[in-house]
Structures are given as C-alpha cells and as structure tokens.
Amino acid sequence: MALKEMHPEAVAGIVDRVVSRWRRDPTCMVQILREIQEACDWIPPEAIDRLQATLGVPRTKIEGVAGFYSFFYLQPRGRYRVLFSDNVTDRMQGNMALMERLCGSLWVEPGKVSEDGLVSIDKTSCTGMCDQGPGMLVNNLAITRLSVERIDQIAELIRNEVPLLDWPAEFFAVEDNIRKADILLASSMQPGDALRAARERVPSDGLAASNMRSWREGLPSGLGGPAAMLDEIKRANLRGRGGAGFTTGLKWEACRNAPLKAGQQRFVVCNADEGEPGTFKDRVLLTSYADLVFEGMTVAAYAIGARRGFLYLRGEYRYLLEPLNVVLERRRKDNLLGTNIIGIPGGDFDIEIHLGAGAYVCGEESALIESLEGKRGTPRNRPPFPVTNGYLDQPTIVNNVETFAAAALIALNGGEWYAGIGTKHSAGTKILSVSGDCERPGIYEYPFGVSVRQVLEDCGAKDTQAVQVSGPSGICVAPAEFDRVIGFEDIPTAGAFTIFDNSRDMFEVARNYVHFFQHESCGFCTPCRVGTSLLKNLMDKLHNGCGSPYDFAEIEKLNQLLQSMSHCGLGHTACNPVLDTIEKFRPAYEKHMRQADFEPAFDLDRALAAARQMTGRDDPAAHIIKEEFGEDA
Amino acid sequence: MTQTFTLDGKTVPFEDGQTIMQAATKAGVFIPHLCYHPEFKPHGSCKLCTVKVNGRQTASCTMRAMPGMVVESDTEEINAERRALTQMLFVEGNHFCPSCEKSGNCQLQATAYHLGMMSPHFDHFFPNRAVDASHPEVLLDFNRCILCSLCVRASRDVDGKNVFALSGRGIKTHLIVNAKSGRLGDTDFTLADKAAQVCPVGVILVKRKGFSVPIGERTYDKAPIAATVEGR
Ligand SMILES: Cc1cc2nc3c(=O)[nH]c(=O)nc-3n(C[C@H](O)[C@H](O)[C@H](O)COP(=O)(O)O)c2cc1C
Ligand code: SF4
Ligand code: SF4
Ligand code: FES
Ligand code: FES
C-alpha cells in the first residue's frame, strides 16, 4: 500500500488502464482522476505527466480540475483518509469529540497527515447520513453511527493496517429508515411497466398535435407515444424536486423542441449530487428504488428523444456505484436499456454513472454539466440554458432523482391521477429527509400540503425550537409558523427537514451553515468567493464574543451584495441562515454580543494562543484579560 | 432598422449577438469591468460590470443585448455594490499600491478611484502567497492576482500555450502555471506572449523595467479609467 514512493512506471501502468477504461476521453477527466486516486491514494505528479502525454491535455488543465474537488489530493495524504461529516446534525451527535479522540489515539492533527503517512483526518461537508450519524468517510466509503467504541475500533484497525475490505461490515451498513410511504415509496411498479404504459399512450387532442417528434429524430414510429407522454407530464403539473421547482413538462418540451445541429443529440441527466446538508432521500431512492429512477430517466428519454443519459452521483455515495451498475446491467439484459427498448424501433437509450468528488456546487445544473464534461465545477453563464446548450453544448435536461421517480409513476398512472394528489399548485408527494432532535429520524413521504406541525408530530419531535427546511439554503421555521405547509406555494423544499429542540444554540446552527457555504463556494465570482469568507469571519467574531450591533449591519450589507451580485444560487442563498436566525432568534445572537457599537475582530489575548501552545503555558500571566471577557460559547 | 435598448435613459443601438457591455462601449458609455477585455471571450466572474436589466442584476459583459431592454448602470445603488466588490478584491489579496510597479497603470486601482473607494472597509485577509521570480524576463507577484483569468484566456486562445490556469476552489482559488515544478521559468512562456500583456493588475511584471515611466505620468494618472471609453 505504501504508494507514496510508487515507481513512475507503476503509476503509468495504472493511468493507462484507467484511461483506456474511459475510452481515452478527456471529458471523463473527473472519473479518470477518481480512479487514479483510488489506486494510488493521491494524484502523484507522475500520473499527471502520463495523463498529459496520453490524453494530450495540458498539465494546467488537469491540475486545475484536480484542485477544484475536495476529494482529490495533489499532495500525499494518508493511506487511510478519514473525513468526519460536519453537518450541524453530526455536531449535535458529538462528532467533534469523536474526531478529537481518533486524532489523539492515532497521533495526528486534524487536517494533517500522520508522520508515517498512514492516516490523515479531516472534516467534510454533510455526507448524507444525518438520520444515522455521526458519519464519516474512509477512503470515500461511508461509515455510519459513530460512537466512542466504534472510533476506538477504527483506530485499532488503522493502526494494524487492516485493509478496508476486512473491516466489520456493520460499520458500512446504511439504513433506509423509511417511516412513512405514499405513492412513491409504496409503489409496486415492476421494471418496464411505466415504459410499456408510455408506449401505449395515444396522442390526446390538441396539445400533442403541435409537436410530433419521435424517440429517434425523424422516425415515424411511435408518433403518438413520446408526445402523448410529454402531455401526461404536463397534465400532472409535475415540478422539479431539486429545489427550484421548475415545471418539468416545460423543461422537457423546451429540450425536445431545441434544434439539433449535425451530429448532435439530446441528453438526460439525473442529478444525484444531493449536497444540501440534511438531505438524504435521493440516497434511499437510489438504494431501494433505483429501477423507478432509471425507468423515469428512460421515460424522459422517450419523451424528448434522447439516446444517452447520465446519473451524476455524489462522491459521498461511492458505495452505491457497484449496486447501481448491477441494476443497469439487469435492465440492459431485460431490454429496458440498450437498443430497440421493449421492442420500440429506434428506442435506443443507455445510462452511464459519473461520480462527483466532494463539491456541493456541482449540484447546480450547469456546474454539474461542466463536471460531467471533465472540468472544474463552475456554474456557467446563463442564458443559454442546458435545455438548448447543455452537455457538450447539446440539448440536455437535468432533473432531480425524485423528479424522475415521479415521472415513472406518471407514465404508468397518468397525469390526471397525479395532479389529483397534493395541492393545487404542488401536485403529488414530497419525500422529506427528517433528522435532528426527534425520536424517529428518517424518510417521510407526504402529499404536498402537510404542515410542519404534522411532520414534527409524526417523527416524535419534542420541545422544538426551530426547523430548518430545505437545508442551509432554505428557510428556518420558528414555532409560530409550524402551521405553515410544505409546498411551492408556502415552504418549498428540496427535502431536508432538520429539527432543533430548545437546548440548541441557533446562532451556532447558523454559524455551521455559514462555514458550509464558505467551504463550498466555487470561487468563480468575487461576491461569493470573498463574501462567504467575510461572513464566516463575522460569525466567528461573534462566536469569539467580540460581536457588536455594527456586525449585524455588516451582515445585512453582505447579504444584499451576495443576493444581487452572485453568479449562482449558492451565493444568492449563502446569507439565508444568518438572516433568518437573526430575525427569529435574535437573543441567540445577543448572547454573543458585547454592548459596544463596534468591537474589532482582532483580539490580543486570542492572538497569543499560538505562543501559549508553543511554550506550553496557560497561567494567568500568559493571558491578557479584557474586562467582561469570558463569555465564550 | 437597427435595434436599441436604453442604458440609464440613453438609447443605445446594438447588433445581433452583442453584449450589453459591447454595445455600451461602442456607444461611448463606460461600465466598470475587470475580467472583461474586448479581445477575449467574456468570463463573467469579477461582477464589477453588473447592471440592472429590467430590474434584475446581471453581468453586462455576458448578457446579450435585446431590443427594448431597460438597463441601469450608473446609479448610486449599483456603484455602492461595485465599490464593495473592489474592496473585497483589495482585502482578499495583498495590495500595497505605493510599492507596486503597476500603480497608475492598474485597472483595479483606477476602478477603485472611479468608484470613490476611500478605504478597504473590510478586514484584510493577508494571504500568504509566494512570488515566482524563476523566469528570466518576467516576475509573477501572486499577491495581487484578482483571478480574472485574462492571462489564462490569452495564453490558451491567442498564444495556444495554456501557460496559466486557475486551480483550487473557493477562497483558495489560485493561479497555476504549466510546469511540473510549478515555476514560470520551466514553462515556454515568453515576453512576446499575449498573456504577458493582459494582466489588469500588478501580477505579471516585466523584470528590469521598474518605474521606467514615472508615477504621475502613467495611464490613469493622465485620465481616469472612464475616459478610456467615454467621448470616443
Ligand atoms: C448550489 C446549488 C446546489 C444544488 N444542488 C442540487 C442537488 O444536489 N440536487 C438537485 O437535484 N438539484 C440541485 N440544485 C438545483 C439544480 O440546479 C437544478 O435546478 C435541479 O437539478 C433541476 O432538477 P428538478 O427540476 O428536477 O428539480 C442545486 C442548485 C444550486 C444553485
Ligand atoms: S495590483 Fe493594483 S491595486 Fe494591487 S497593489 Fe498594485 S496598483 Fe495597487
Ligand atoms: S495574473 Fe493577472 S491576468 Fe492572470 S488571473 Fe491574475 S489578475 Fe488576472
Ligand atoms: S458562484 Fe461560485 S463563487 Fe460565486
Ligand atoms: S467584467 Fe463582467 S463580470 Fe467581470
């Protein structure tokens, strides 16, 4: 395993194998780098030499891509790379003490590599295991339910250099925790049912006639099917489940109607980046309902006339790659993927899985497409939008996992049936990822229109102080608002439902979210790159007991700037958690404030901390005590 | 019939495919910008050129002009936000103008003057960035890099070399050069490269040319940056 000193020829051999598996295609750069790192434990310069030679891609480009993703290392890391999930729920479950314990027993500092190169320990953004946390990743494999015992066992396994494959299987067990199922999670649909139903659909009057394009451009077969299928999606009033709530039928239609230049085709992309802290329902869908999702993608391909599809799976769900590939393989065997699907002439479609590598921003659809193309995950300038200029500049639809699953149900049962569920403006059901302070965290599926209070009751939440709906970029709901409902007309959500009881410090919750945005900003645009750092510094200043009302004004100002000047949704929403909590939980902030109008962020005593650590002193004479000092959270 | 839109109440003609920035420049209206350069594909990252189009903010260097658009640019609100962006760029890097060879020729400095920036306002980050003096003719002082990617585009699109690229993410985004050593001296970069001439700030500096034009006689000493466009 000691690959730090790997022979250049051995590295070249690995690179060549990986590159040929990915068809020597530079657009697969993210996948190529991932597989090289899986084999080498990092991305050594020799690997980049070889990539440069075999792919003809300049070194700057390769390093630029590798440098963007948190899970790629251009410097040697430990052979065991431990990353503690650092969502606010992990914090509440005590992840920091566990991390300290592991660092202590393995003699390594957080963020550093142990001297023998054995292990590195660090934090990472939410790994999507909030209902069974605290979570961690070891060499990108998810471990759940960390406890003191488990941490001590892990320390022992690492010390003894036990290969990950031989670690106890229960460490890697991930539960679905489905607590409430409705049309989707209780569906008994068999693979192929939805596709066969879509094929049988005949064009309805009016709507369909305007647009007659078959699966494969120009083929007269199946004229009714695709257009009729699209009509059903429109009739269902299905809206995207990834957060923005765009009308799915319109998106698909725009893509279907987008002109193709010679040699171009259309693409279906499933967004399984699920990076919003507190969201884990796509993980469950892909674990136990993968057929529904793939079937929905195939229905979409049928409706818009696409021949290729991608599933963009977040790197944190690496463990799902093999099982998902097994499902794809079975579907190919059953003629549900491949050519002439279920006997439809020209019904050609296949799906390839690409993994992310630790970048929340890659959930943004245009950044996701950049990443699929093997680039840095920077959101594009829009317009043009992906429906006309998406993957490799060709018409592309990007939809959330849950959106595709719902589309499969609509293909089977029809749009009218679907539109009848939920509320007027929000048709169908929504799957919530419930976590935080409650007795039964897990997955809950409700028809739209369910109240926050109802969900709290069902999951056994007590003394609830606040619920963060839709994650850090969503909204923070206070008890006075618990009768508000989940739906596009009131509280829209991508699915996260994180509960805080009265014992929690809402300021610290907001601070955790601000750190998240700062860590995940892609750095492309000035307001978000610098603004999220300024915001983080302000929140840390308050945390350190140096806050003043002046800082509130600064936060307001930053918010204004981020909202109006940022390049993408990440920057637009980065101030949300702070503004919401300031408005609704101001006392939590005031606790962290001094009375002055202004306090400098610089604190002399704090600045001496490094000197104290070096000299091993902590006596009163080694401190500069200011009046009133000492209220540190 | 030519198409038009209005910019701060003024009617501006444009041709199909032109951005708001291009049309405005042609019409002699200055919109502050740092990552835009007329010879390159727009990047849209610095956001200094943000304007309001029909009430919504957008980068004017990437937004195509459309007939009848109502664009606001030179308003107190937008300029205040632009000012805050320049302040952000100042505190993100290490800009000590009095000792900088670019002073007086620097677009960041000139834009800050144009926007009436009186202080950096935010707390400085004081990042630790090493200088690269490995090249015989050119010095790279990364302390002043504003990540506009003009050198990246120039090297890739004009010089055909890919000497520069952005790496890292978020606040750790930084410029890298095309050499295993990471040093400019080990690349095929030359003074004749277009990339040697495009840096809007004081990163890519020609060696032994320091202060050959005295302070006080430099580009923006003679006329403010807005004059580069206005009254053309
Ligand atoms: C910073 C950012 C992160 C996002 N992350 C996700 C994600 O993880 N999953 C997702 O489905 N959509 C995500 N989105 C929304 C996508 O851009 C896009 O709207 C969505 O995938 C469209 O699918 P839908 O219409 O089915 O919701 C994100 C958006 C932003 C701005
Ligand atoms: S690059 Fe421009 S702003 Fe920065 S120090 Fe030099 S003159 Fe000042
Ligand atoms: S070196 Fe200059 S041109 Fe290149 S990105 Fe930095 S500021 Fe822009
Ligand atoms: S959009 Fe990524 S930094 Fe602004
Ligand atoms: S000049 Fe338009 S974003 Fe920089």
Side-chain angles (χ1 to χ4, degrees), chain A residues 45-46 48-49 52 57-70 74 358-359 361 376-384 517-534 536-538 541 554 557-558 560-567 570-571 600-602, chain B residues 34-35 41-48 50 52 56-59 61-64 77-78 80-93 121-123 125 146-149 152 155-156 161-182 187:
Chain A
E46 295 74 30
I48 296 176
D49 289 343
Q52 198 181 359
V57 176
R59 163 168 236 111
T60 26
K61 207 157 171 216
I62 303 169
E63 288 181 357
V65 174
F68 184 85
Y69 297 90
S70 298
L74 290 166
V361 73
R376 293 164 62 78
T378 305
R380 291 178 176 174
N381 289 307
R382 289 160 305 157
F517 284 125
Q518 192 269 349
H519 184 253
E520 296 297 340
S521 166
C522 76
F524 174 75
C525 72
T526 312
C528 175
R529 182 182 69 241
V530 186
T532 51
S533 280
L534 289 169
K536 174 184 168 218
N537 294 347
L538 277 173
K541 180 182 170 188
E554 281 297 287
K557 206 175 123 191
L558 277 175
Q560 181 63 33
L561 197 73
L562 277 157
Q563 271 181 359
S564 60
M565 298 278 204
S566 290
H567 183 63
L570 192 156
F602 181 76
Chain B
L34 289 171
C35 70
K41 204 172 146 231
H43 196 232
S45 60
C46 76
K47 303 297 178 197
L48 254 293
T50 300
K52 261 193 189 174
R56 271 195 74 186
Q57 276 98 337
T58 183
C61 70
T62 53
M63 180 55 91
R64 294 259 171 98
E77 181 199 350
I78 297 173
E81 294 188 338
R82 289 175 180 153
R83 196 155 50 237
L85 288 182
T86 43
Q87 289 167 326
M88 285 182 169
L89 289 170
F90 269 93
V91 301
E92 181 190 22
H121 181 81
F122 303 113
D123 290 330
F125 291 5
I146 56 169
L147 309 170
C148 69
S149 99
V152 177
S155 185
R156 184 189 61 207
K161 283 188 181 176
N162 291 293
V163 171
F164 300 104
L166 295 180
S167 187
R169 187 178 78 203
I171 198 68
K172 292 185 183 147
T173 307
H174 61 277
L175 198 67
I176 56 170
V177 302
N178 196 7
K180 195 171 181 178
S181 64
T187 69

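All chains are named by letter (A, B, ...) in the order of the sequence lines, taking the proteins before the strands, and each is independently numbered beginning at 1.
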S.K.: Which bit of A:Ala66 is near chain B, if near means a heavy-atom gap under 4.5 Å: side chain, backbone, both or neither?
M.R.: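 Contact with chain B is absent: no heavy atom of A:Ala66 under 4.5 Å.
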S.K.: Minimum heavy-atom separation for B:Lys47 and A:Cys525, please, with both atom names.
M.R.: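 Closest heavy-atom pair between B:Lys47 and A:Cys525: CE-CB, 3.8 Å.
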S.K.: Show, in sequence, the C-alpha distance, side-chain angles and deciding distance for B:Lys180 and A:Glu46, and conclude whether the side-chain contact (heavy atoms from CB on, under 4.5 Å) test is met.
M.R.: CA-CA 9 Å; B:Lys180 195 171 181 178; A:Glu46 295 74 30; 4.2 Å; yes
S.K.: Quick one: which of B:Ala59, B:Cys35, B:Ala179 has the most heavy-atom pairs under 4.5 Å with chain A, could you say?
M.R.: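 Among the listed options, the one with the most contacts to chain A is B:Ala179.
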S.K.: Check whether B:Ile146 gets within reach of chain A through its side chain, its backbone, both or neither, counting any heavy atom under 4.5 Å.
M.R.: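 B:Ile146 touches chain A through backbone heavy atoms alone.
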S.K.: Look at A:Asn537, A:Leu74, A:Asn381 and state which one has the largest set of heavy-atom pairs under 4.5 Å with chain B.
M.R.: A:Asn381
S.K.: Measure distances from A:Leu558 to the heavy atoms of chain B and classify the residue's part below 4.5 Å as side chain, backbone, both or neither.
M.R.: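 Answer is side chain: those atoms of A:Leu558 sit under 4.5 Å from chain B.
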S.K.: Rounded to the nearest 0.5 Å, what's the gap from CZ on A:Arg529 to CG on B:Leu89? Could you check?
M.R.: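 One finds 6.5 Å between CZ of A:Arg529 and CG of B:Leu89.
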S.K.: Between A:Gln52 and B:Asn178, is the side-chain contact (heavy atoms from CB on, under 4.5 Å) condition met? List the steps.
M.R.: CA-CA 11 Å; A:Gln52 198 181 359; B:Asn178 196 7; 4.2 Å; yes
S.K.: Looking at A:Pro527 and B:Cys46, what are the two nearest heavy atoms and their distance?
M.R.: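 Minimum heavy-atom contact is CD-O, 4.3 Å.
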S.K.: According to side-chain contact (heavy atoms from CB on, under 4.5 Å), who are the partners of A:Arg382, at least two apart in sequence or on a separate chain?
M.R.: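 Testing A:Arg382 for side-chain contact (heavy atoms from CB on, under 4.5 Å), a comparison that skips the adjacent residues, returns A:Glu364, A:Glu365, A:Ser366, A:Phe385.
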S.K.: Return the minimal non-hydrogen interatomic distance between A:Arg376 and B:Leu166, and the atom names on each side.
M.R.: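 Where A:Arg376 meets B:Leu166 most closely, the heavy atoms are NH1-O, 3.2 Å.
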S.K.: Looking at residues at least two apart in the chain, or sitting in another chain, which of them share a ring-ring contact (aromatic ring centres under 6.0 Å, His included) with B:Phe122?
M.R.: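 Per chain and number, B:Phe122 pairs via ring-ring contact (aromatic ring centres under 6.0 Å, His included) with no residue.
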S.K.: Does B:Asn162 form a side-chain contact (heavy atoms from CB on, under 4.5 Å) with A:Lys61? I'd like the steps, not just the answer.
M.R.: CA-CA 8 Å; B:Asn162 291 293; A:Lys61 207 157 171 216; 5.7 Å; no
S.K.: Check each atom of A:Glu554 against the heavy atoms of chain B and say whether the ones under 4.5 Å are side chain, backbone, both or neither.
M.R.: side chain
S.K.: Checking heavy atoms, do the side chain of B:Val152, its backbone, both or neither come under 4.5 Å from chain A?
M.R.: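 For B:Val152, neither part sits under 4.5 Å from chain A.
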S.K.: In terms of heavy-atom pairs under 4.5 Å with chain A, which of B:Arg64, B:His174, B:His43 leads?
M.R.: B:His43
S.K.: Just how far is it from atom CE of B:Met88 to atom CG of A:Leu534, taken to the nearest 0.5 Å?
M.R.: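 That separation rounds to 5.0 Å.
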S.K.: Of the non-hydrogen atoms in B:Glu81 and A:Ser564, which two are nearest, and what is the gap between them?
M.R.: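 For B:Glu81 versus A:Ser564, the nearest heavy atoms are OE1-OG, 2.9 Å.
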S.K.: Can you tell me how far CZ of B:Arg83 sits from CG of A:Leu561, rounded to the nearest 0.5 angstrom?
M.R.: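 Atom-to-atom, A:Leu561:CG and B:Arg83:CZ are 11.5 Å apart.
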S.K.: Side chain, backbone, both or neither: which part of A:Thr532 has a non-hydrogen atom closer than 4.5 Å to chain B?
M.R.: neither
S.K.: With only heavy atoms counted, which part of B:Phe125 is less than 4.5 Å from chain A, the side chain, the backbone, both or neither?
M.R.: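 Interface part for B:Phe125: side chain.
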S.K.: Could you tell me the separation between the OG1 atom of A:Thr526 and the CG atom of B:Leu34, rounded to the nearest 0.5 Å?
M.R.: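 With rounding to 0.5 Å, OG1 (A:Thr526) is 8.0 Å from CG (B:Leu34).
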S.K.: Once rounded to the nearest 0.5 Å, what's the spacing between atom CZ of B:Arg82 and atom CE of A:Met565?
M.R.: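 The distance works out to 6.5 Å.
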S.K.: Has A:Lys557 got more than 12 heavy atoms of other residues, nucleotides or ligands less than 6.0 Å from its NZ?
M.R.: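 It does: A:Lys557 NZ has more than 12 such atoms within range.
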S.K.: Looking at every non-hydrogen atom in both residues, tell me the closest pair between B:Thr173 and A:Gly523 and how far apart they are.
M.R.: OG1-CA, 3.7 Å
S.K.: Can you tell which of B:Leu147, B:Ile171, B:Ile78 has the highest number of heavy-atom pairs within less than 4.5 Å of chain A?
M.R.: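 Among B:Leu147, B:Ile171, B:Ile78, the one with the most close pairs to chain A is B:Ile171.
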S.K.: Distance check, rounded to the nearest 0.5 Å: B:Arg169 atom CZ versus A:Ser521 atom OG?
M.R.: 8.5 Å
S.K.: Could you report the tightest heavy-atom contact between A:Gly67 and B:Ser167, atom names first, then the distance?
M.R.: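 Between these two residues, the closest heavy atoms are CA-OG, 3.4 Å.
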